[in-house]
Structures are given as C-alpha cells and as structure tokens.
Amino acid sequence: MEKKIAIVGTGYVGLVTGTCLAQVGHNVICSDVSEEKIRILENGECPIYEPGLLELIRENVRQGRLSFTTNVAKAIQDSEIIFSAVGTPMGESYEADLTYVKQVAKTFGENLNGYKVFVNKSTVPVGTSEVVREVVNSVTNNEFDVISNPEFLKEGCAVEDFLKPDRVVIGVDSQKAEDLMREVYNPFEKQGYPIVFMDIKSAELTKYAANSMLATRISFMNEIARYCDIVGADVTQIAKGIGLDTRIGPKFLNAGVGYGGSCFPKDVSALIESGKHDNYNFDILNAVKKVNEEQKVLSVDKITKILGNDLTGKTITLLGLAFKPQTDDVREAPAQYKIRELLNKGAKIHAFDNIAQENFQKENPHFDITYFDNHYDALENSDCLLLVTEWNEFKELDFDKVKELMSGNLIIDGRNIYNPSHIRSKGLEYVGIGRQ
Ligand SMILES: NC(=O)c1ccc[n+]([C@@H]2O[C@H](COP(=O)([O-])OP(=O)(O)OC[C@H]3O[C@@H](n4cnc5c(N)ncnc54)[C@H](O)[C@@H]3O)[C@@H](O)[C@H]2O)c1
C-alpha cells in the first residue's frame, strides 16, 4: 500500500532513497535546509552526479509521486514515515558528529501531530536511536517509534543498489513500526530481495561492520602490494588467485591509492571511537586506518624516488580527482592528500576530472592547481602522469600521444589499470602499485 513518506536531508542518500521509494509507488516529499539544492530540484535538475538519477526524478515528479521542499516541518507534519538522511561527518576527535541527526530529531518531535516513525538512514553509532528518542521525548508527549534502516548504496551505482538491494536491514523494537516498514519495503520483498529485521543496536552496528570489512579488504591488499614491491611479485595476479576462492570472492581486492570518500574513512574512525567509548580497542581497524593513511601518499613517494625529493620545476599531472569513478563526490578524496604533499615538495600541479573537477576546486580553493578541459591538454609539458581515479576515458589513453605531449616519461598508475609492457614499449617508465 502506498505510504506518505518525508525525507529529511536530500543529499546523496536522501535523494536516492526518496526517488527510489517514489519509483516503487510511495508518495514522497524530499526536504532539505539547503535552499540551493531544493531550487535545483524544483527546476528539474539534479544537484549531484549519479547515473540514472535525474531521469528517475523527472519521471516521478511527472507522475505526482515526488516533490521537494525547504519546509521540513510541513514535510514531517504531512507524512507518517520520516526518513532522516542527514550527514554524520567525522567530528573533531574522529567520532561521528550527531549534530544534524539531533536537529532532525527535535524538528520531528516538534511536528508530531499523530503517531509517526523516525527512520534513521544515516550511518550512526550504536545507541543513537536512544539519543534520538531522548531528544524527541524532550519536546513532545506524542507516540512515535525510532527505526534504524542503514543504507548500503554505492555512489556511482546508487539507483541500482537501492532498487535491487543485496539486502535491506531494518532494526525495530515495536510491532507497529515493523508492520509499517514491511509495507514500505513490500515492493522489494515481492521481488525477492531479502529484508532482514533485527534489533536496533545490531542494525546500527551492521552498517559500520560492513564498511569496516570493505575498508579492511582494501588495506589488506595495499599491504600485500607493498610487499609485492619488495619481493617483485604482482598484486593483480594475487587478487585473481585469491579472488577465485569462493570463500574470499573477487570484489574489493584492488590495491591502489588508498580508500577515500564520504564513508569509509569516517566510518572506520567512528567505529574505533565508539569502541574507545566502551573501553574496547579495535586492533584490526587501527591498523586498517594506519595503512590507509600511508597509502594515500605512497604514490608521492614513488614519484620522489625517481624524480628526487625536491620537485621544484617539475610538473605532475593528476588524472582523476573524485575518490572513485562515476561520482562527483570529492569528500576525503585521496587526490587531496597527494596534491598537498606534491605542492609541499615544490611541484607544479596540472589536473583534470571531467565530472568532479568543479567540486574539487570548490572544496580546495587554497590549492595552487592548473585545471584543464581535457586530459591531453593537462599532460602537455608534464614530467609525470599520476593516475588517481580510473574513469573509463583514462583507461583508453593513446600513449604515443602521451609520450609526445609530456616533457618527462614517468607514468604512475595509482589504480593498476594499464598494461606495464605496453607503456614501456612506448619509451615511458611505468610504476604501478605492487606490480612490476
Ligand atoms: N554518500 C554515500 O555513499 C552514503 C552511503 C551510505 C550511507 N551514507 C550515510 O548517509 C548519511 C548521509 O550521507 P550523504 O552522503 O547523503 O550526505 P549529504 O551531505 O550529501 O546530505 C546531507 C543533507 O542533509 C541536509 N541537512 C543537514 N541538516 C539538515 C536538517 N536539520 N534538516 C534538513 N536537512 C538537513 C544537508 O543540507 C544535506 O543536503 C551519512 O550518515 C552517511 O554516512 C552515505
């Protein structure tokens, strides 16, 4: 049955959640405090780059199932189910900052005009549902329930992930709330996607466990890659060799420039901090984090080993600025760390990213970078190409042209996407990550 749903926080997660819930037949109003975001959406555009999302937004707006507002209070009053999808950024001491979640809880409480449920879609530390309950109870006597429904979508593939989920995790402690959530996710259940109900704390922790496990795989492979560099082995062959083991599986086994983005770094840190709060030390996650910090600047070490520690007068061209392909999200992008190091060593930076460039520029106004309109222009008179994000257009570079354009000959393949012998056959020097 169609439900009246409000989304509070129309960012990457809120907008995808709202649009996809409208797509399966619900009546959804997406709200946000950002007037700019809502104006863009009301004008029929999309504030983020996410393949397939704009088409779906337009279709559902046309069908009358999806609308947008800056009036968060009214969106809550008019709905029965309120999904909170606000940010939970890394706080000053690495814990999850719950400021926005608490703000939404207060607004939710102040606008309760009958039974409603607060569905937490943000990634939050175990126990946050209790914090939400307390905030809501401090402003209302009305009946409500708090639900944990963590989101597992991947930027760049978010629409598909939401509409065809591996699983939906729902933490509830009341039958009434469970029944409502079954109705919300009924279109997914009918298609055979697993809807897993559990207690609220376990649901909250499931999200951190998932991201921490994925980050662990990445740091593990980055360590194997470092050892490959010492002993002369090839980490891409090893990934194949272990990935075919059905107990391990082939995904998330790519060594590279370190994990980044708006989730893994903050979620690993937040889980470590939650543990500390409960007198528990996450030994593995501390190591995962340390390896990643080092990995983010490892490619700079590879450059200085060849070009020298003083990079004054050298031009380094970064191809890719987003933390991964198919997104314009540059939060915690490894490119930032590399650029800072390279600038500190005196290098001149050229950069190109067709989709994320504008965001990167906005987020890093203090960096002295020359941006270009295409990758070949960016490579002109460059001493070194540093591949950071494996966008498809970079996979198909014409290395004859690259050789002609560059003044130097160093190719640092931060994502192991090139064929080393092909590049060497063009008279260029190839350096990968754990690959000879
Ligand atoms: N981005 C991802 O890939 C992803 C995936 C899974 C889970 N998550 C989690 O989902 C949550 C949201 O992440 P995001 O990337 O969508 O964040 P985001 O920054 O893109 O969006 C958050 C939105 O909330 C709005 N907001 C803040 N305070 C508000 C308030 N009081 N009322 C209304 N709107 C308010 C902001 O203006 C912003 O548009 C985080 O907890 C994140 O960890 C993110």
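Atoms within each ligand, like the ligands themselves, are counted from 1 in listed order. All values below come from the heavy atoms of this structure, side chains included, with hydrogens, waters and symmetry mates left out.
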Return yes or no for this condition: an N or O of D329 is under 3.5 Å from an N or O of ligand 1.
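Among all N and O atoms of D329, none is under 3.5 Å from an N or O of ligand 1.
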Between Y100 and ligand 1, is there a nitrogen or oxygen pair with a distance under 3.5 Å?
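No; the residue has no nitrogen or oxygen that sits under 3.5 Å from a nitrogen or oxygen of the ligand.
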Return the closest protein heavy atom for [atom] as residue, atom name and distance.
| atom | result |
| --- | --- |
| atom 22 (C) of ligand 1 | G87 N, 3.6 Å |
| atom 8 (N) of ligand 1 | V13 CG2, 3.5 Å |
| atom 26 (N) of ligand 1 | V86 CG1, 3.6 Å |
| atom 2 (C) of ligand 1 | E155 OE2, 3.4 Å |
| atom 43 (O) of ligand 1 | K266 NZ, 2.6 Å |
| atom 20 (O) of ligand 1 | Y12 N, 3.2 Å |
| atom 31 (N) of ligand 1 | Q103 OE1, 3.2 Å |

Going by heavy-atom distance to [atom], choose the closest among [options].
| atom | options | result |
| --- | --- | --- |
| atom 32 (N) of ligand 1 | L15, V33, T17 | V33 |
| atom 12 (C) of ligand 1 | G156, C157, A85 | A85 |
| atom 25 (C) of ligand 1 | D32, T99, V72, D97 | D32 |
| atom 40 (C) of ligand 1 | I48, T88, T107 | T88 |

Which of parallel (below 30°), tilted (30 to 60°) and perpendicular (above 60°) describes F188 and Y185?
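Ring orientation, 0 to 90° scale: tilted.
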Check: [X]/[Y] side-chain N/O donor and acceptor closer than 3.5 Å:
| X | Y | answer |
| --- | --- | --- |
| S93 | E95 | yes |
| Y115 | N142 | no |
| D377 | N374 | yes |

Stepwise, does the side chain to side chain contact (heavy atoms under 4.5 Å, CB included) test hold for D329 with Y12?
CA-CA 9 Å; D329 198 341; Y12 281 86; 3.6 Å; yes
Considering all heavy atoms, the nearest V86-V101 contact
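Looks like CG2-N, 3.7 Å.
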On a heavy-atom basis, which atom in Y193 and which in K164 lie closest, and how many Å separate them?
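Looking at all heavy atoms of both residues, the shortest contact is OH-CG, 3.2 Å.
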At under 4.0 Å between heavy atoms, which part of M90 makes contact with ligand 1: side chain, backbone, both or neither?
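The answer is neither.
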Does a side-chain heavy-atom distance below 4.5 Å link R226 with E294?
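A side-chain contact under 4.5 Å exists here.
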Close-contact set for ligand 1 against K37 heavy atoms, below 4.0 Å:
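What qualifies from ligand 1 is 38 (C), 39 (O).
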Gap between atom CG of D353 and atom CD of Q361 - 0.5 Å precision
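Output value for this atom pair is 11.5 Å.
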